[in-house]
Amino acid sequence: MNGKEILHKMKVKAGFGSSSETGKGKSKLSKHITHGYHLMKGKSNHAMEDYVVSDFKQVNNNELGLFAIFDGHLGHDVANYLQNHLFENILREHDFWTDTESAIRRAYHTTDAEILEKTLVLGKGGSTAVTAILINGQKLVVANVGDSRAIISKNGVAKQLSVDHEPSKERNMIESRGGFVSNLPGDVPRVDGQLAVARAFGDKSLKIHLSSEPDVVEETIDDDTEFIILASDGIWKVISNQEAVDTIKDIKDAHSAAKHLIDEAVSRKSKDDISCIVVRFQ
């Protein structure tokens, strides 16, 4: 089975058409699991730089929920490449079914190497990523580099599954690689005075000081699990994890919940491109 057969790409046409993209679907294995996504272009004068994957696929007699948000910077080409290739590379790993965490880690590094080799085509930009793979509706494996975030709600309590890779938190790693973290008044900490995340795909000019090592966590889906949220930092800059859970806990339609979170972030003056996926289990 090739990558095109495994993955149904849901591609945001950056810079064309409407300023938002939306969609929804449900599991065939477990009818009570639904998903919805929504994206909205921010106030910036560049093309939309967010891409998503949000779908269920049958693979080797198993059902995989494949969910991801890729938040590009300095152009959208790297995020677009990730949307088309990251899950394909993960599922190609020989031990995906037996050691999912190791397979994901290797695929993240493999994909980053591919991106760096294609700099002449993709440009020198980069992208953050948060990915979530739901295996047969029972096990959730989340990985991320950068500051897009995944949270899970169990019994109404928010739990963050990803790690925000902020330069200030990883100063020692960055400095050990010969880089520095700027912290100018009125601005966020930045790697070498440029990038506001310490880990990312691409960014060839900064790569010697950056990491593409993902944080990976596994979570069991049980009867207490209500939903998961994946979203780019345009939401998390203005909405806390628990606020996000409280905001959508009574919205049963996953797509409506994702759109409502974005609308709430915009009402709080978030100006970034914003993308959000909600997967509901009840």
Side-chain angles (χ1 to χ4, degrees), residues 22-40 50 52-56 63-69 71 100-101 128-144 146-166 169 215-270 272 274-282:
T22 194
K24 63 194 300 184
K26 61 183 178 180
S27 163
K28 292 181 179 178
L29 179 68
S30 303
K31 297 297 186 182
H32 65 286
I33 303 178
T34 60
H35 69 97
Y37 69 93
H38 194 75
L39 302 92
M40 180 172 291
D50 283 11
V52 304
V53 174
S54 186
D55 204 6
F56 282 97
E63 184 181 70
L64 296 180
L66 303 174
F67 308 101
I69 287 174
D71 184 356
T100 307
E101 177 178 339
T128 67
V130 59
T131 59
I133 301 178
L134 179 64
I135 302 175
N136 293 324
Q138 298 174 333
K139 183 171 77 170
L140 182 72
V141 188
V142 170
N144 83 292
D147 56 2
S148 290
R149 190 181 296 175
I151 68 169
I152 191 167
S153 175
K154 291 193 174 186
N155 288 326
V157 178
K159 175 184 177 182
Q160 185 167 328
L161 300 178
S162 55
V163 176
D164 295 343
H165 295 132
E166 300 172 359
K169 294 180 180 178
D215 274 283
V216 185
V217 65
E218 294 187 1
E219 184 80 16
T220 299
I221 302 301
D222 54 27
D223 291 340
D224 296 330
T225 306
E226 293 146 343
F227 53 84
I228 59 172
I229 303 170
L230 277 68
S232 57
D233 65 321
I235 280 183
W236 308 117
K237 285 177 180 177
V238 295
I239 300 176
S240 72
N241 293 345
Q242 191 59 50
E243 282 179 322
V245 166
D246 294 342
T247 296
I248 66 167
K249 63 182 180 181
D250 296 323
I251 302 177
K252 301 305 181 185
D253 179 71
H255 164 255
S256 297
K259 184 178 185 302
H260 186 74
L261 270 178
I262 290 180
D263 291 343
E264 180 64 24
V266 171
S267 74
R268 298 188 186 195
K269 311 302 182 186
S270 180
D272 287 354
I274 309 177
S275 46
C276 182
I277 300 168
V278 174
V279 184
R280 290 203 65 101
F281 296 93
Q282 296 179 1

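Just so it is clear, the structure is predicted and the values come from calculations on it, not from any experiment.
- In summary, Asp164 and Lys169 do not engage in a salt bridge, as defined by a charged side-chain N under 4.0 Å from a carboxylate O.
- Put simply, CG on Asn136 and CG on Leu64 are 7.0 Å apart, with the number rounded to the nearest 0.5 Å.
- Side chain to side chain, Asp263 and His38 fail the donor-acceptor criterion of an N or O pair below 3.5 Å.
- Taking all atoms of both residues into account, the shortest heavy-atom contact from Ile135 to Val141 is CD1-CG2, 4.4 Å.
- In this structure a side-chain-to-backbone donor-acceptor pair under 3.5 Å is present from Gln242 to Gly156.
- Listed for the Ser232 side chain is a donor-acceptor partner under 3.5 Å among the backbone atoms of Ser275.
- Not one N or O on the side chain of His35 forms a donor-acceptor pair closer than 3.5 Å with the backbone of Val279.
- Between Ala257 and Ile248, the shortest heavy-atom distance links the atoms O-CG2, 3.5 Å.
- Listed for the Asn144 side chain is a donor-acceptor partner under 3.5 Å among the backbone atoms of Val163.
- Glu243 and Val238 get closest at one heavy-atom pair: OE1-O, 4.2 Å.
- Contact record, Leu230 with Ile69: O-CD1, 3.1 Å, taken as the closest heavy-atom pair.
- Ser162 approaches Ser148 most closely through the heavy-atom pair OG-O, 3.9 Å.
- Put simply, the side chain of Ser270 gets close to the backbone of Gly234: a donor and an acceptor are under 3.5 Å apart.
- Rounding to the nearest 0.5 Å places CG of Asp222 at 10.0 Å from CZ of Phe281.
- For the atom pair CG (Asp253) and NZ (Lys259), the distance works out to 11.5 Å, reported to the nearest 0.5 Å.
- In this structure, CD on Glu218 lies 10.0 Å from CD1 on Ile133, to the nearest 0.5 angstrom.
- In summary, the side chains of Ser27 and Glu63 do present a donor paired with an acceptor at a separation below 3.5 Å, with no hydrogens or angles considered.
- Side chains of Thr22 and His255: a donor on one and an acceptor on the other come within 3.5 Å.
- Separating the CZ atom in Arg149 from the CD atom in Gln160 is a distance of 4.5 Å, to the nearest 0.5 Å.
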